[in-house]
Amino acid sequence: VLYDAPWTLALGGAIVGYLTNWIALKLIFEPVQPVQVGPWSIQGLFLQRQHEVSDEFAKCLVPATLTSDKLWDNILHGRGARE
């Protein structure tokens, strides 16, 4: 497809991408404190589920990174260990 001004595709894509990311971040993280709108309470999507997300993140992260073998190896042989 040929356009008279091919830069418009790049500019349009950049604008759409920026707006999409901005909206997504606003929906995920704002408002920080719950806001009452009639019978509904509105809060950022991540903040509503923060405890659930942190539990799942810990279950995923701890077995992969915080094993006793890896901790001792890092203490004994890692950066800053005595030679």
Side-chain angles (χ1 to χ4, degrees):
V1 177
L2 299 175
Y3 291 96
D4 291 334
W7 60 269
T8 58
L9 293 174
L11 180 64
I15 291 170
V16 168
Y18 178 81
L19 289 174
T20 302
N21 289 340
W22 183 78
I23 291 169
L25 289 172
K26 291 292 180 184
L27 288 173
I28 291 171
F29 293 109
E30 290 185 7
V32 174
Q33 300 299 325
V35 176
Q36 283 297 125
V37 179
W40 298 284
S41 177
I42 298 174
Q43 188 177 18
L45 297 174
F46 175 75
L47 297 170
Q48 281 180 335
R49 300 180 59 200
Q50 187 172 5
H51 297 292
E52 181 183 344
V53 170
S54 64
D55 287 342
E56 289 296 320
F57 185 70
K59 288 177 188 174
C60 177
L61 184 68
V62 169
T65 58
L66 295 176
T67 63
S68 61
D69 292 337
K70 289 181 182 180
L71 285 173
W72 278 111
D73 183 54
N74 195 6
I75 291 169
L76 297 174
H77 307 291
R79 187 173 44 134
R82 292 187 180 174
E83 294 182 13

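As the structure is a computational prediction, the values presented were derived from the model and not from experiment.
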| field | Nearest non-hydrogen partners of Thr65 and Lys70, listed with the distance | value | O-CD, 3.8 Å
| said: Through direct or indirect side-chain contacts below 4.5 angstrom among Ile, Leu, Val, Met, Phe, Trp and Tyr, which residues connect to Leu47? | reply: Leu25, Ile28, Phe29, Val32, Phe46, Val53
| message | Can you pull out every ring-ring contact (aromatic ring centres under 6.0 Å, His included) where at least one residue sits in residues 54-83? Sequence neighbours excluded, please. | response | none
| message | Taking salt bridge (charged side-chain N to carboxylate O under 4.0 Å, His left out) as the cut-off, I'd like each qualifying pair that reaches into residues 33-43, sequence neighbours left out, listed once. | response | none
| query | Between Ile23 and Leu27, does a side-chain contact (heavy atoms from CB on, under 4.5 Å) hold up when you go through it step by step? | reply | CA-CA 6 Å; Ile23 291 169; Leu27 288 173; 4.0 Å; yes
| message | Using a 6.0 Å cut-off, check whether atom CD of Gln36 has over 12 heavy atoms from anything other than its own residue. | response | yes
| note | Taken in chain and number order and not counting sequence neighbours, the residues that satisfy salt bridge (Lys or Arg N to Asp or Glu O under 4.0 Å) with Lys26 are Glu30
| Gln48: partners by side-chain contact (heavy atoms from CB on, under 4.5 Å), with sequence neighbours left out | Gln43, Leu45
List the atom pairs, with distances to 0.1 Å, where a side-chain N or O of residues 7-21 and a protein N or O form a donor-acceptor pair under 3.5 Å, not counting sequence neighbours.
unit_1, atom_1, unit_2, atom_2, d
Thr8, OG1, Ala5, O, 2.7
Thr20, OG1, Val16, O, 2.7
Asn21, ND2, Gly17, O, 3.4

| request: Might you point out which heavy atoms bring Pro63 and Ala58 nearest each other, and give the distance in Å? | output: CD-O, 4.0 Å
| field | Residues that, via side-chain heavy atoms closer than 4.5 angstrom, fall in one hydrophobic cluster with Trp40 | value | none
| Taking C-beta and beyond as the side chain, do Leu61 and Leu66 meet within less than 4.5 Å on heavy atoms? | no
| task | Any pair with a residue in residues 60-69 that passes salt bridge (charged side-chain N to carboxylate O under 4.0 Å, His left out), sequence neighbours left out, goes on the list, sorted by first then second residue, please. | result | none
| field | CG-OG distance between Asp73 and Ser68, expressed to the nearest 0.5 angstrom | value | 11.0 Å
| message | Side-chain heavy atoms under 4.5 Å apart, restricted to Ile/Leu/Val/Met/Phe/Trp/Tyr: what other residues fall into the cluster of Ile42, or is it alone? | response | Val35, Val37
| message | Filter on salt bridge (charged side-chain N to carboxylate O under 4.0 Å, His left out), then keep only pairs touching residues 41-54, sequence neighbours left out; what's left? | response | Arg49-Glu52
